[in-house]
Amino acid sequence: MHEQVRDYQVTQEPYYRAVGDEVDLYEAAYAVRMPMMLKGPTGCGKTRFVEYMAWKLGKPLITVACNEDMTASDLVGRYLLDANGTRWQDGPLTLAARHGAICYLDEVVEARQDTVVVIHPLTDNRRVLPLEKKGELVEAHEDFQLVISYNPGYQSLMKDLKQSTKQRFGALDFAYPEADVEKEIVSHETGVSADVAGKLVGVAERARNLKGHGLDEGISTRMLVHAGSLIARDVAPLAACRMALVRPLTDDPDMRDALDAAVTTFF
Ligand code: ADP
């Protein structure tokens, strides 16, 4: 493996609890180098899944958290000035394409559309990346694959992927895992007992029912892991749930009361 991407190798097996046939499907998608889109709410396991797949496939993983200030140069690369003059530096996308890594663009809708279009030539059968400023056409390494995550809840008329972008990808749907599986995950990640994990999942289920009735997003698996980690450090469950589950989710006093009440029915 090229030394420039060796640091991105996932050396330890990440804990990932499969929830369906996503591992097999992803492997098949990788085998044909299909660009993949992981869809689902924040904190439901998309990033962990990619880390696990990169480990399983033995490929380096280069992750980019997308935001609206990101430019095409942030992905592709730019000339830098140093003591010896100017020097080209590959951006994360170029690095991945050149040396055969999996490139994961997290929350891709956050990026502006003129930024996102740079991925187009890499996601059709050309598999090339033109570096316009450098006058180079990079042919993607055979191991290169592009993966993006996408939270359908956030999409709006202003912020969505164009059809011409979407249709380049295969997609897998992710959701919060069903109760027993989520309990297992929370317990494994934090060390809390199955009983405590089950109660946390119970609180989350109540909160998820409030989505669309005053809450934009439900309590994610990530938040349950936060709460569980505090409880495992002997923080009182009520305080842990308030800090890790209720307070981050909403500022609305009535909604906080309703969520606090849900917490007290379990703890
Ligand atoms: P996303 O990328 O969807 O926002 P993450 O992958 O970061 O979410 O998941 C948040 C946390 O939830 C992870 O760090 C992990 O602790 C836990 N998690 C969620 N789903 C799973 C799963 N299927 N297996 C293992 N851990 C999971």
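Since the model is a prediction, treat every value here as computed from it, not as a measurement. Indexing begins at 1, ligand by ligand and atom by atom, following the structure's order. Along the sequence shown, the residues carry numbers beginning at 1.
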Over-ring placement of Arg208 relative to Tyr176, 6.0 Å and 45° cut-offs: yes

Location of contacts on Tyr15 toward ligand 1, heavy atoms closer than 4.0 Å: both

Looking at Glu139 and Arg127, is there a salt bridge between them, counting it only when a charged N and a carboxylate O are closer than 4.0 Å? no

Taking 4.0 angstrom as the limit, do Arg256 and Asp251 come out as a salt bridge? yes

Show the atoms of ligand 1 that are less than 4.0 angstrom away from any heavy atom in Thr42. 4 (O)

Measure the distance from atom 2 (O) of ligand 1 to every protein heavy atom, then report the residue, atom name and distance (to 0.1 Å) of the closest one. Thr47 OG1, 2.5 Å

For atom 4 (O) of ligand 1, find the nearest protein heavy atom and state the residue, atom name and distance (0.1 Å precision). Gly43 N, 2.6 Å

Nearest protein heavy atom to atom 15 (C) of ligand 1, by residue and atom, and its distance? Glu189 OE1, 3.4 Å

Shortest non-hydrogen contact from Ala232 toward Thr190: CB-O, 3.4 Å

For ligand 1, indicate whether the residue Lys46 contacts it via side chain, backbone, both or neither (heavy-atom separation under 4.0 Å). both

One finds that the ligand 1 atoms under 4.0 Å from a non-hydrogen atom of Val225 are 16 (O)

Provide, to 0.1 Å, the distance between atom 6 (O) of ligand 1 and the closest protein heavy atom, together with that atom's residue and name. Arg48 N, 2.8 Å

Could you tell me which atoms of ligand 1, counted from 1 in the order shown, lie closer than 4.0 angstrom to a heavy atom of Arg17? 22 (C), 23 (N), 24 (N), 25 (C)

Cys66 and Glu110: which non-hydrogen atoms are nearest, and at how many Å? O-CB, 3.4 Å

What about Cys44: any of its N or O atoms under 3.5 Å from an N or O on ligand 1? yes

Can you pull out the closest protein heavy atom to atom 10 (C) of ligand 1? Residue, atom name and distance to 0.1 Å, please. Arg222 CB, 3.6 Å

Pro41 and Glu217, any side-chain heavy atoms less than 4.5 Å apart: yes

Is the terminal nitrogen or CZ of Arg48 (NZ for Lys, CZ for Arg) located under 6.0 angstrom from the six-membered ring centre of Tyr52 and within 45° of that ring's axis? no

Would you tell me whether Ser149 and Asp106 have side-chain atoms, one donor and one acceptor, within less than 3.5 Å of each other? yes

Taking the basic N atoms (NZ, or NE/NH1/NH2) and the acidic carboxylate oxygens, is any pair closer than 4.0 Å for Lys183 and Glu178? no

Only heavy atoms count here, so choose which of Ser229, Gly45, Ser220 is nearest to atom 8 (O) of ligand 1. Gly45

With heavy atoms only and a cut-off of under 4.0 Å, state how Ile185 meets ligand 1: side chain, backbone, both or neither. side chain

